[in-house]
Amino acid sequence: MFQFLKIIASYCGRLSKLFGKPAGSGRNLKVIFNDFPGGAESFELMSRFCYNNGRTAITPSNISFLHSAAQFMEMNDSVSGTHNLLEETGKSLEEMNYWTWSELLIATKKCQDLLPFPNSTGILEKCVDSLIGRITTSGEPSPCPSTSSPDSSGVRLSCDTRSTESLKNSFSRATWWFEDLLVLSTNLVGMVFKSMVSQKFDHVIISRFLFYYQKSKCYTGTSDEKREVVETVIDMLYILDWNSVSFKSLFGILRVALNCNIRKCSRTKLESMIGSQMDQATLDNLLIPSPYGMNYLYNVNLVLRFLKAFLHGGISQVFPIQLRKVASLMDFYIAEVAPDPCLKPSKFLALAMALPDSARESYDGIYRATDMYLEVHTGLSKEEKMKICCVLNYEKLSAEACIHLSQNKNFPSKCAVQALMSQQVKLKSLLKATGKTKCYIDSSSGVSETSKQSVLYAGKLDLPTDNDKLRAHLQGMQWRVTELERVCLKMQAPMTKIMKSRVSNNRTSRSLPKLCS
């Protein structure tokens, strides 16, 4: 053993320093390296180099072990003279640009067995940079400004029209390396990702690779491996341009994440990415079962966090169309979860009031959901029912919805009064607008008859004060609204004649009949 150490010490500065210390007989020296990079395999390769008088075959499969061991054992010119392992491995690394793709991949994969030691040697960075350089020069299509969704194409197509076969070839050139990089650990994939981002690689391609990596690793991995992969992929996707990330794939990774108990920070990032594109979601996307141990059917809290992220992103202020689209989606979602007997009133209120009032042009959808909720939850008190009904904006209810509400025994009588009053305001506003168009002209125009009808309807607007008669009276109001609409349509033709006559009289300097409000 002593002779063995002497041979190695002749090439290793670290051991020669130990032998040079006056610590008694060298034959009693015991050397232990607990942190030797690469373990027994790396130590064996280094030992062969020493026993072969400084000669050994350096290949892509062992260069990472030899280089790390040489640096760890200080195998430089100061000890071994002409046989310098550190220098020889360094020269081999300089020829990395001439390696084949498979040799680069092998060398990079071997580096992950040495982590974290290779970070200090620089060999891992060189391998990763060479991989990215090879991918860039041999596959990625030339970028062209495009607004295509990552769900549809995944590749930035050139501005010229291409055939279907050309599109397939273009996509395969951009993604041919996906399968090969599956051998890398999550740590190495993280380094590859950072290098791609720093070199302004196409974010659509990067996101597609990350989803491909996640699906492949989670297919056969253990629960701990799945959790690590999902957290790593989410953290990397969060850095990318979210518009380049497939919304459909985000929900795919969400289903895995919900079963892996990932970190809260990663979960928040995923929810933020989904929430920012909430206008692209479908009802099936949102109908996510509740977590294990919860008694309600669907994960309402998760949807509320999506909405919070959506509003926090500011999309509602810039694009009101998206806001209305989300409101319509939420009306369907609330109607779907409302029949759940375990859904608490506080959760129903939170869902119905999560979006601002301006998001909805009509509250008929919320009314139908509220009706279903009250029908299932019959044990609610009057106070609780009134609180639930506060989600309704009666001014944005249709006449049909108000009629139905007035006859609906699930709602408190006060709600019927509020609905009736809102319809009264609508009728008065309509009559006021109609009254502004009335004019006194010849009886041949037919407008005076219409005006009388409008006045007649106005006289019928006095509402009864007895609450028992409100429901019946609201039905009559529906007929009046229909009649007023017919009156307005009938007035359009005479008013057109009046306006034409006014233009003609202006040209002939004739005076027009006086208009009244």
N/O donor-acceptor pair under 3.5 Å between N410 side chain and L374 backbone: no

Flag the pair M372 / V376 as yes when at least one side-chain heavy-atom distance between them is below 4.5 Å, and no otherwise. no

In this structure, which one of D340, I334, V300, V337 forms a side-chain contact (heavy atoms from CB on, under 4.5 Å) with F348? I334

Within this structure, what is the OH-NZ distance for the pair Y373 and K385, rounded to the nearest 0.5 Å? 11.5 Å

Taking the side chain from S422 and the backbone from A419, do they hold a donor-acceptor pair closer than 3.5 Å? yes

The reported gap from CG in L297 to OG in S290 (rounded to nearest 0.5 angstrom) is 7.0 Å

Below 4.5 Å, heavy atoms only, C-beta onward: do V391 and L349 meet side chain to side chain? yes

Check whether any side-chain N or O of H312 sits under 3.5 Å from a backbone N or O of K308 as a donor-acceptor pair, and report yes or no. no

Minimum-distance pair of heavy atoms, taken over all atoms of T100 and E103: N-OE1, 3.0 Å

Residues in side chain to side chain donor-acceptor pair (under 3.5 Å) with N285, at least two apart? T282

Sub-4.5 Å side-chain heavy-atom contact between T232 and F193: no

Would you say Y213's side chain and L184's backbone share a donor-acceptor pair under 3.5 angstrom? yes

Of all residues at least two apart in sequence or in a different chain, which pass the side-chain contact (heavy atoms from CB on, under 4.5 Å) check with T378? none

In terms of the angle between their ring planes, are F209 and W177 parallel, tilted or perpendicular, with boundaries placed at 30° and 60°? tilted

Could you check whether any side-chain heavy atom of L105 comes within less than 4.5 Å of a side-chain heavy atom of L181, counting everything from C-beta outward? yes

Could you pull out all donor-acceptor pairs under 3.5 Å where a side-chain atom in residues 267-274 meets a protein atom, sequence neighbours excluded?
| from | atom 1 | to | atom 2 | distance (Å) |
| --- | --- | --- | --- | --- |
| T268 | OG1 | K264 | O | 2.9 |
| K269 | NZ | D235 | OD1 | 3.4 |
| E271 | OE1 | R305 | NE | 3.0 |
| E271 | OE2 | R305 | NE | 3.0 |
| E271 | OE2 | R305 | NH2 | 3.1 |
| S272 | OG | T268 | O | 2.9 |

Is there a side-chain contact between M196 and I135 in this structure, where contact means two heavy atoms from C-beta onward sitting under 4.5 Å apart? yes

Quick one, L392 with L405, criterion side-chain contact (heavy atoms from CB on, under 4.5 Å). Give me CA distance, side-chain angles, the key distance, then yes/no. CA-CA 11 Å; L392 297 175; L405 191 155; 4.2 Å; yes

Could you walk me through whether V326 and L307 pass side-chain contact (heavy atoms from CB on, under 4.5 Å), step by step? CA-CA 9 Å; V326 173; L307 291 174; 3.8 Å; yes

For the backbone of V204 and the side chain of S207, can you confirm whether one donor and one acceptor N or O come within less than 3.5 Å of each other? yes

In this structure, NZ of K414 is separated from SG of C389 (nearest 0.5 Å) by 11.5 Å

Please report whether the ring centroid of Y367 lies less than 6.0 Å from that of H404. yes

Does the pair M278 and L286 meet the rule for a side-chain contact (heavy atoms from CB on, under 4.5 Å), with working shown? CA-CA 10 Å; M278 190 70 169; L286 301 184; 3.7 Å; yes

Quick one: are V183 and T108 in side-chain contact, heavy atoms under 4.5 Å? no

Scanning both residues in full, the closest heavy-atom pair of G221 with K226 reads O-CE, 3.2 Å

Donor-acceptor under 3.5 Å (Y394 side chain, M421 main chain): no

Output yes when a side-chain donor or acceptor of S198 lies under 3.5 Å from a complementary backbone atom of S195, and no otherwise. yes

Under 3.5 Å, which donor-acceptor pairs do the side chains of residues 350-360 form with other protein atoms, sequence neighbours left out?
| from | atom 1 | to | atom 2 | distance (Å) |
| --- | --- | --- | --- | --- |
| D357 | OD1 | Y363 | OH | 2.8 |
| D357 | OD1 | N393 | ND2 | 3.0 |
| D357 | OD2 | N393 | ND2 | 3.4 |
| D357 | OD2 | K396 | NZ | 3.2 |
| R360 | NE | D331 | OD1 | 2.8 |
| R360 | NH2 | D331 | OD1 | 3.2 |

With a 6.0 Å cut-off on the ring centroids, do F306 and F310 count as close? no

Does Q112 offer a backbone N or O that forms a donor-acceptor pair with the side chain of N187 under 3.5 Å? no

Show every side-chain hydrogen bond (donor to acceptor under 3.5 Å, both in side chains) that has at least one partner inside residues 291-300, sequence neighbours left out. Y296-N301

So does E384 get a backbone contact from the side chain of S381, meaning a donor-acceptor N/O pair under 3.5 Å? yes

So, using salt bridge (Lys or Arg N to Asp or Glu O under 4.0 Å) as the criterion, who are the partners of E179 when residues are at least two apart? none

Heavy-atom pair with the smallest gap, counting every atom of F247 and Q277: CE1-O, 3.3 Å

Reported OG-to-CG distance for the pair S64 and L93, which is rounded to 0.5 angstrom: 9.0 Å

On a heavy-atom basis, which atom in H377 and which in C342 lie closest, and how many Å separate them? NE2-N, 4.5 Å

Straight-line distance of L237 CG to S246 OG, nearest 0.5 Å: 10.0 Å

Can you tell me how far CD1 of I63 sits from SG of C111, rounded to the nearest 0.5 angstrom? 9.0 Å

Quick one: does P60's side chain get under 4.5 Å of L104's, heavy atoms only? no

Quick one: are C127 and M96 in side-chain contact, heavy atoms under 4.5 Å? yes

Note: D224-R227 ion pair, threshold 4.0 Å (strictly below): yes

So, E225 and K217, do they make that salt bridge, N to O below 4.0 Å? no

Please evaluate residues M191 and L124 with respect to the criterion side-chain contact (heavy atoms from CB on, under 4.5 Å), reporting the C-alpha separation (whole Å), side-chain torsions for both, the decisive distance (0.1 Å), and the verdict. CA-CA 9 Å; M191 291 190 64; L124 182 55; 3.3 Å; yes

Kindly say whether W242 contributes a backbone atom to a donor-acceptor pair with the side chain of H203 at under 3.5 angstrom? no

